[in-house]
Amino acid sequence: MQAENAQKLKKLVEVRGLGKMFTLHNQGGIRLPVLRVIDFDAARGECLVLSGPSGTGKSTLLRCLYANYLATEGSIRLRDTSADGEPWIELTNAPEQRVLKLRRDVIGYVSQFLRAIPRVSALDVVADPLQQRGASHEEARARAEVLLARLNLPRRLWDLPPATFSGGEQQRVNIARGLIGGHPILLLDEPTASLDADNRAVVIALIREALAEGRALIGIFHDDAVRDAVATRLLPLQPATALA
Ligand SMILES: Nc1ncnc2c1ncn2[C@@H]1O[C@H](COP(=O)(O)OP(=O)(O)OP(=O)(O)O)[C@@H](O)[C@H]1O
Ligand SMILES: [Mg+2]
């Protein structure tokens with residue numbers, strides 16, 4: 001039991017002195033500070049919720065954690081539980097191949113909007129991350145079916161490409177795709193923004209299950225009820241200019 005608790009408390013993310021400044025090259029090189037000296041950790045079983053007004057850099061922070069954006073300063077370290085050697089990886093200077101491997105095995109990201117791939121069915125869009133981790137096609141599709149059924153995506157849509165789906169249908173495909181891989185670290189950018197109350201409740205349940213499995217979640221939730229239902233800790237962000 002104690003060993004289990006220790007496992008659950010294990011730190012997976014360590015961020016120190018993180019800063020992000022955008023330089024607008026086509027606007028005469030204007031520099032836009034967004035994130036300043038951000039420090040936090042996230043451990044197994046934690047759901048850290050980024051809060052703060054629009055424009056304070058919540059989505060920017062998630063993109064830095066997924067290495068979509070390069071941090072301007074500071075350190076982002078992720079624990080690669082699948083690594084044979086040194087488990088802590090410094091993301092800010094990791095080579096591209098290492099970043100791709102981390103995205104396959106360690107860190108998942110549910111962006112606010114689904115980037116639909118033409119001609120690929122919803123079921124295969126969802127199954128893909130699990131297949132990339134070595135599961136068979138059948139196994140991955142079976143798991144995708146379970147998730148899509150729980151998220152109430154009508155069966156008639158499963159074999160169709162999601163490009164023409166409604167906003168809420170696409171969002172549910174996106175959530176299923178984010179959850180299926182079982183990544184120990186999961187980033188969520190407003191995953192319930194286009195969902196009705198019933199489906200929001202399903203997402204809350206899925207998030208709680210992910211936490212119980214010992215995954216670490218870092219998310220943005222504009223819906224206060226969803227945030228209160230899943231957050232174990234808040235990370236308030238302030239406008240960076242206010243610190244200048
Ligand atoms: N690629 C970019 N180039 C230039 N500026 C950017 C870029 N991405 C974000 N920004 C700026 O960074 C600031 C923070 O944006 P971000 O999207 O992170 O805010 P947010 O807290 O997620 O807001 P919201 O709650 O509205 O989603 C904004 O002023 C935005 O214009
Ligand atoms: Mg945002």
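If you're wondering where the values come from, they're calculated on a predicted model, not measured in any experiment. For ligands, and for the atoms within them, numbers begin at 1 and follow the listed sequence.
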Under-4.0 Å salt bridge between Asp223 and Arg227: no
Interatomic distance, Arg150 atom CZ to Leu179 atom CG [nearest 0.5 angstrom]: 9.5 Å
Atom 9 (C) of ligand 1 within contact range, any protein heavy atom under 4.0 Å: yes
Interfacing atoms of ligand 1 (cut-off 4.0 Å, heavy-atom, Ser54): 23 (O), 24 (P), 25 (O), 26 (O)
Verdict with reasoning, Arg119 to Asp124, per salt bridge (Lys or Arg N to Asp or Glu O under 4.0 Å): CA-CA 10 Å; Arg119 291 184 293 280; Asp124 284 332; over 6 Å; no
Atoms in ligand 1 flagged as close to His222, the criterion being non-hydrogen separation under 4.0 Å: 25 (O)
Residue, atom name and distance, where the atom is the protein heavy atom closest to atom 17 (O) of ligand 1: Ser59 CB, 3.7 Å
Nitrogen or oxygen of Arg63 less than 3.5 angstrom from that of ligand 1: no
Under 3.5 Å donor-acceptor, Asp39 side chain and Gly17 backbone: yes
Atom 3 (N) of ligand 1 [closest protein heavy-atom partner, distance rounded to 0.1 Å]: Phe22 CD2, 3.5 Å
Thr56 side chain to Gln238 side chain, donor-acceptor N/O pair below 3.5 angstrom: no
Ligand-residue contact atoms, ligand 1 with Leu24, heavy atoms, under 4.0 Å: 4 (C)
Residue pair Asn199 / Asn152, side-chain donor-acceptor N/O under 3.5 Å: yes
Tyr66 six-ring face occupied by Arg103 cation (under 6.0 Å, within 45°): yes
Nearest non-hydrogen protein atom, atom 1 (N) of ligand 1: Tyr69 OH, 3.1 Å
Residue Val34 vicinity, atoms of ligand 1 by number, heavy atom under 4.0 Å: 12 (O), 13 (C), 14 (C)
Distance-only side-chain donor-acceptor flag, Ser121 / Asp159, under 3.5 Å: no
Nearest-contact summary for atom 25 (O) of ligand 1 - protein heavy atom, Å: Lys58 NZ, 2.8 Å
Candidate pair Arg98 and Asp80, rule salt bridge (Lys or Arg N to Asp or Glu O under 4.0 Å), full reasoning: CA-CA 10 Å; Arg98 198 74 186 83; Asp80 183 353; 3.0 Å; yes
Proximal candidate to atom 20 (P) of ligand 1 [heavy atom criterion; set Gly55, Ala193, Cys64, Pro239]: Gly55
Ser54 N/O/S atom closer than 2.8 Å to the Mg ion (ligand 2): no
Option nearest atom 15 (O) of ligand 1 (shortest heavy-atom distance, choices Ile30, Leu32, Thr60): Thr60
